[in-house]
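These numbers were taken from a predicted model, which means no experiment stands behind them.
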Amino acid sequence: MIKFDQITSDLTYLGNSIKSISLTNSTICLSENAEKSFGMDIEIGEITTTNERHIGKILLKLQVVILENNDENMKLDMLIEGYFSSSATITKNDFKNQIAINGAAALYSIARTKVEIISAMTFLSGKVTLPMVNIIEYYKVMNENNE
């Protein structure tokens, strides 16, 4: 078994907040046959550095659309902001890479829970569970789309 002190990141999660949320819904019960569409965008925000710490933020934009009978029955747009820090012993670029991958993965996991809770409170029955995503693959696709 590998001990955590061998693999623990210097990255520290400081917290998150929902910056904006928009929900429209005309569905009472979420059908298992409903077509679900998900979208995501990640933006690395400003990084500040002192003699001792790097502090950075990530903005994660999520969109969930539920379609039934070719009608948009539910739409959820959420912007969640997460803050992270590390010691200044690593470079600013290494810190940016850490929050881009590890920070984004942690923030997405938190956002998945928020979407599940919000959707469970929205419908009489049913909830939306966001799929697991590969953050490294996200950046590969984004780079391909920007070329």
Query raised in the report: Do Ile21 and Val65 sit in the same hydrophobic cluster, where Ile, Leu, Val, Met, Phe, Trp and Tyr count as joined when their side-chain heavy atoms come under 4.5 Å apart?
Result: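 Per the 4.5 Å side-chain linkage, Ile21 and Val65 are not co-clustered.
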Query - Single-linkage hydrophobic cluster, 4.5 Å side-chain cutoff, Leu59 and Ile18 together - result: no
Would you say the side chain of [Y] lies within less than 4.5 Å of the side chain of [X], judging by non-hydrogen atoms?
X      : Y      : value
Asn102 : Phe84  : no
Met40  : Leu130 : no
His54  : Lys96  : no
Thr12  : Tyr83  : no
Met74  : Val64  : yes
Ser87  : Glu52  : no

Spacing of [X] atom [atom1] and [Y] atom [atom2] [to the nearest 0.5 Å]:
X      : Y      : atom1 : atom2 : answer
Ile47  : Phe95  : CD1   : CZ    : 5.5 Å
Ile58  : Tyr108 : CD1   : OH    : 14.5 Å
Arg112 : Ile117 : CZ    : CD1   : 12.0 Å
Leu67  : Lys36  : CG    : NZ    : 11.0 Å
Leu79  : Lys19  : CG    : NZ    : 8.0 Å
Ile90  : Gln98  : CD1   : CD    : 4.0 Å

Query raised in the report: Which residue, Leu76, Ile118, Thr122, Leu30, forms the side-chain contact (heavy atoms from CB on, under 4.5 Å) with Val128?
Result: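 The option that passes is Leu30.
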With a cut-off of 6.0 Å (strictly less than), are more than 12 heavy atoms of other residues, nucleotides or ligands near [atom1] of [X]?
X      : atom1 : result
Asn146 : CG    : yes
Gln6   : CD    : yes
Glu137 : CD    : yes
Leu14  : CG    : yes
Lys114 : NZ    : yes
Ile28  : CD1   : no

State, to 0.1 Å, how close [X] and [Y] come at their nearest heavy-atom pair, and which atoms those are.
X      : Y      : result
Leu107 : Gly82  : CD2-N, 3.7 Å
Thr27  : Phe123 : O-CD2, 3.7 Å
Ile99  : Lys57  : CD1-O, 4.3 Å
Ala100 : Ile135 : O-CG2, 3.6 Å

Query - Any side-chain donor near an acceptor of the partner, Asn134 and Tyr139, under 3.5 Å - result: no
Requested in this report: For Tyr138 and Ile42, run side-chain contact (heavy atoms from CB on, under 4.5 Å): C-alpha distance rounded to whole Å, both residues' side-chain angles, the deciding distance at 0.1 Å, then the answer.
Outcome: CA-CA 9 Å; Tyr138 164 83; Ile42 300 169; 3.6 Å; yes
Query - Candidate pair Asp41 and Met142, rule side-chain contact (heavy atoms from CB on, under 4.5 Å), full reasoning - result: CA-CA 9 Å; Asp41 193 24; Met142 288 299 291; 4.0 Å; yes
